[in-house]
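First comes the structure, then the notes that go with it.
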Amino acid sequence: MKRKNLFLAFMAFLIAIPLTSCAKKPKLSGTVWEYDRVVMMNDVGYVGEKESIIFSSKTEVTILKEEWIPTIMEGTPRELIDPATGKSTIIKGEKHRTSKMTKKDFKGTYTMKKVKVNGNKLYRVYITIDGKTEEYTIDGNLMIPATSSLSDQRVFKKKE
């Protein structure tokens, strides 16, 4: 009987370990979460976007967005000198493709709540910027937009 009780207590302990680790509330203050989809293209340069969510205090958040946009630029002008006359002519360089980065930053507030989704307890982060609220689900070291569509599959990784 004692062995059976000891075995049952040991099994309950083993089952309780994953449940308590899953239920642990994540700490957001002072953390940075990044989504990076920037790639280098040989003929254009960098293309894509990078987004960082910085939780600076218990309620304040900053979102930094960087986007690489393909553009067509004129090349550098050149000076041609005619050897016969010595006259110089300035000509434009050829057009070429490149990319430019645009940066934007947004400041707002956030709250975190424990919710039940499909029988599982999860933590949701609600980020409000300029009156617009976005919902994110925390899954370990990943933060996933709760309302993401197939065209917007952004997954933020916790930066160590």
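With sequence neighbours excluded, the residues satisfying side chain to side chain contact (heavy atoms under 4.5 Å, CB included) with T111 are Y126. Take S29 and apply the side chain to side chain contact (heavy atoms under 4.5 Å, CB included) test, not counting sequence neighbours, and it matches Y110. Under the side chain to side chain contact (heavy atoms under 4.5 Å, CB included) criterion, K65 pairs with E51, I63, F106, sequence neighbours left out. For T85, the side chain to side chain contact (heavy atoms under 4.5 Å, CB included) test picks out D82, K87, with sequence neighbours left out.
Side-chain contact between I53 and V61 is present, with at least one heavy-atom pair separated by less than 4.5 Å. Counting heavy atoms from C-beta outward, K159 and S52 have side chains that stay 4.5 Å or more apart. In this structure the side chain of L28 reaches within 4.5 angstrom of the side chain of I138, judged on heavy atoms. The closest side-chain heavy-atom distance from E34 to K157 is not below 4.5 Å.
Using a distance-only test at 3.5 Å, with no hydrogens or angles considered, a donor-acceptor pair links the side chain of S99 to the main chain of Y46. The backbone N or O of K107 sits nowhere less than 3.5 Å from a side-chain atom of D105 that would complete a donor-acceptor pair.
Sorted by first and then second residue, the salt bridge (Lys or Arg N to Asp or Glu O under 4.0 Å) pairs involving residues 122-138 (not counting sequence neighbours) are R124-E135, E134-R154.
The cluster map of Ile, Leu, Val, Met, Phe, Trp and Tyr, joined by side-chain heavy atoms under 4.5 Å apart, puts W68 and M40 in the same cluster. Put simply, V47 and I69 are part of two different groups of oily side chains (I, L, V, M, F, W, Y) that touch within less than 4.5 Å, one to the next.
For the atom pair NZ of K58 and OG1 of T109, the computed distance is 15.5 Å after rounding to the nearest 0.5 Å.
The other residues sharing a hydrophobic cluster with V32 are I54, L64, where clustering joins ILVMFWY side chains under 4.5 Å apart.
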